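Since the structure comes first, as structure tokens, the remarks are kept for the end.
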Amino acid sequence: MSIEEAEAEQERLRPLVDLDDPGPERVEFVAGLDVGYGGDDEVTGAVVVLRSGTLEVVDQVAVRQRAGFPYVPGLFAFRELPPLLAAMDRLSVRPDLLVCDGYGLAHPRRFGLACHLGVLTGLPTIGVAKTAFVGRHDDPPAARGSWSPILLDGEVVGRALRTREGVKPVFVSQGHRVSLDNACSHVLRLSPDFRLPEPIRAADRLSRS
DNA sequence: GCGACAG
DNA sequence: ATCTTGTCGC
């Protein structure tokens with residue numbers, strides 16, 4: 001698939017994103033997703049499902065395969081989606097919410113990895129990135145839980161959210177079928193001890209093993 | 001044109 | 001992402 005075809009695919013799928021659904025009533029299982037990189041252009045898609053209340057791991061799958069697309073900013077999903085979908089297919093527990101390592105709405109074409117994964121699976125998704133990629137934002141106050149909006153072309157596309165006092169914020173954006181307010185509530189609830197949400201930390205560890 | 005650019 | 005020494009701040 002070429003760069004042009006990938007961009008056209010994003011434009012085609014973007015209208016299918018649901019940004020109005022506030023999110024699931026009850027979240028019993030949350031999945032974290034991440035991709036690790038090996039030597040010979042290999043990628044490992046990792047998905048870890050945690051019980052939402054206790055954060056205990058209830059299921060996990062890692063799939064290693066050849067990368068089918070280069071890393072291109074803005075087309076991140078075309079590199080990471082295949083191994084992630086392969087791992088999702090082998091899950092025995094169906095998650096109620098997906099926490100993705102990367103952006104959702106906060107994307108040049110408003111269709112980051114979290115949106116793409118949401119549309120393809122139909123599941124509620126949120127995007128959590130470690131660095132700023134698009135838009136502008138102020139540094140939020142130092143207290144845990146404080147945030148400031150990420151603005152792109154005058155629109156709010158996400159939030160810089162402080163998950164630990166005095167530590168660099170994470171960048172949260174809507175993926176699919178979850179409001180921005182609820183996405184941030186979930187991220188805070190899932191990050192009791194560290195900067196990143198526990199499901200993402202678990203998936204990150206798995207993707208490296 | 002130049003620099004920046006999720007992982 | 002990953003590799004990877006030295007350096008900075010608390």
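Fair warning: this is a prediction, and the values are worked out from it, not measured in the lab. In the text below, chain A, chain B and the rest are named by the order of the sequence lines, each starting its count at 1.
Two residues are said to be in side-chain contact when any heavy atoms from C-beta on lie closer than 4.5 Å; A/Leu113 and A/Arg79 fail this criterion. Two residues are said to be in side-chain contact when any heavy atoms from C-beta on lie closer than 4.5 Å; A/Leu188 and A/Leu161 meet this criterion.
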N/O donor to acceptor pairs below 3.5 angstrom from side-chain atoms of residues 16-23 of chain A, sequence neighbours left out:
from: A/Asp18; atom 1: OD1; to: A/Asp20; atom 2: N; distance (Å): 2.9
from: A/Asp18; atom 1: OD1; to: A/Asp21; atom 2: N; distance (Å): 3.1
from: A/Asp21; atom 1: OD1; to: A/Gly23; atom 2: N; distance (Å): 2.8

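The residues A/Asp181 and A/Arg159 are annotated as salt-bridged, a charged nitrogen and a carboxylate oxygen being separated by less than 4.0 angstrom. Between A/Lys130 and A/Asp101, at least one side-chain N (NZ, or NE/NH1/NH2) sits under 4.0 Å from a carboxylate O, which counts as a salt bridge. Of the charged side-chain nitrogens involved, none lies within less than 4.0 Å of a carboxylate oxygen, so that A/Glu165 and A/Arg144 do not count as a salt-bridged pair.
Expressed to the nearest 0.5 Å, how far CD of A/Gln60 lies from CZ of A/Arg205 amounts to 9.0 Å.
Within the 4.0 Å cut-off from OP1 or OP2 of C/dA1, not a single side-chain nitrogen or oxygen of A/Arg79 is found.
Spacing between atom NZ of A/Lys130 and atom C1' of C/dT2 amounts to 13 Å, rounded to whole angstrom units.
Under the 3.5 Å distance criterion, with hydrogens and angles disregarded, no donor-acceptor pair is assigned to the side chains of A/Ser185 and A/Asn182. Side-chain contact check for A/Glu80 and A/Tyr71: no donor-acceptor pair (N or O, by modelled atom type) lies under 3.5 Å. In this structure, a donor-acceptor pair under 3.5 Å is present between the side chains of A/Ser52 and A/Arg189.
From the 5' end on, the contacts that DNA chain B makes with chain A at under 4.0 Å to a non-hydrogen atom open and close at B/dC5 to B/dG7.
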### Summary
Per-nucleotide protein contact along nucleotides 5-10 of chain C, 5' to 3', at a 4.0 Å heavy-atom cut-off (B base, S sugar-phosphate only, - neither), is ------
### Steps toward side chain to side chain contact (heavy atoms under 4.5 Å, CB included) verdict (A/Leu123, A/Arg94)
CA-CA 10 Å; A/Leu123 295 171; A/Arg94 163 157 281 250; 3.2 Å; yes
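Sorted pairs that involve residues 113-124 of chain A and meet side chain to side chain donor-acceptor pair (under 3.5 Å), not counting sequence neighbours, are lacking altogether.
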### Structure string for DNA chain C in dot-bracket form, Watson-Crick and G-U at under 3.5 Å, | interchain
..........
### Query
How does DNA chain B read in dot-bracket, base by base from 5' to 3', with Watson-Crick or G-U pairs under 3.5 Å and | used when the partner is on another strand?
.......
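No contact: A/Gly38 has no heavy atom under 4.0 Å from any strand. Nucleic acid contact for A/Leu84: none, since no nucleic acid atom lies under 4.0 Å from a heavy atom of the residue.
Note: A/Phe76 and A/His107 fail the aromatic proximity criterion, with ring centroids not under 6.0 Å apart.
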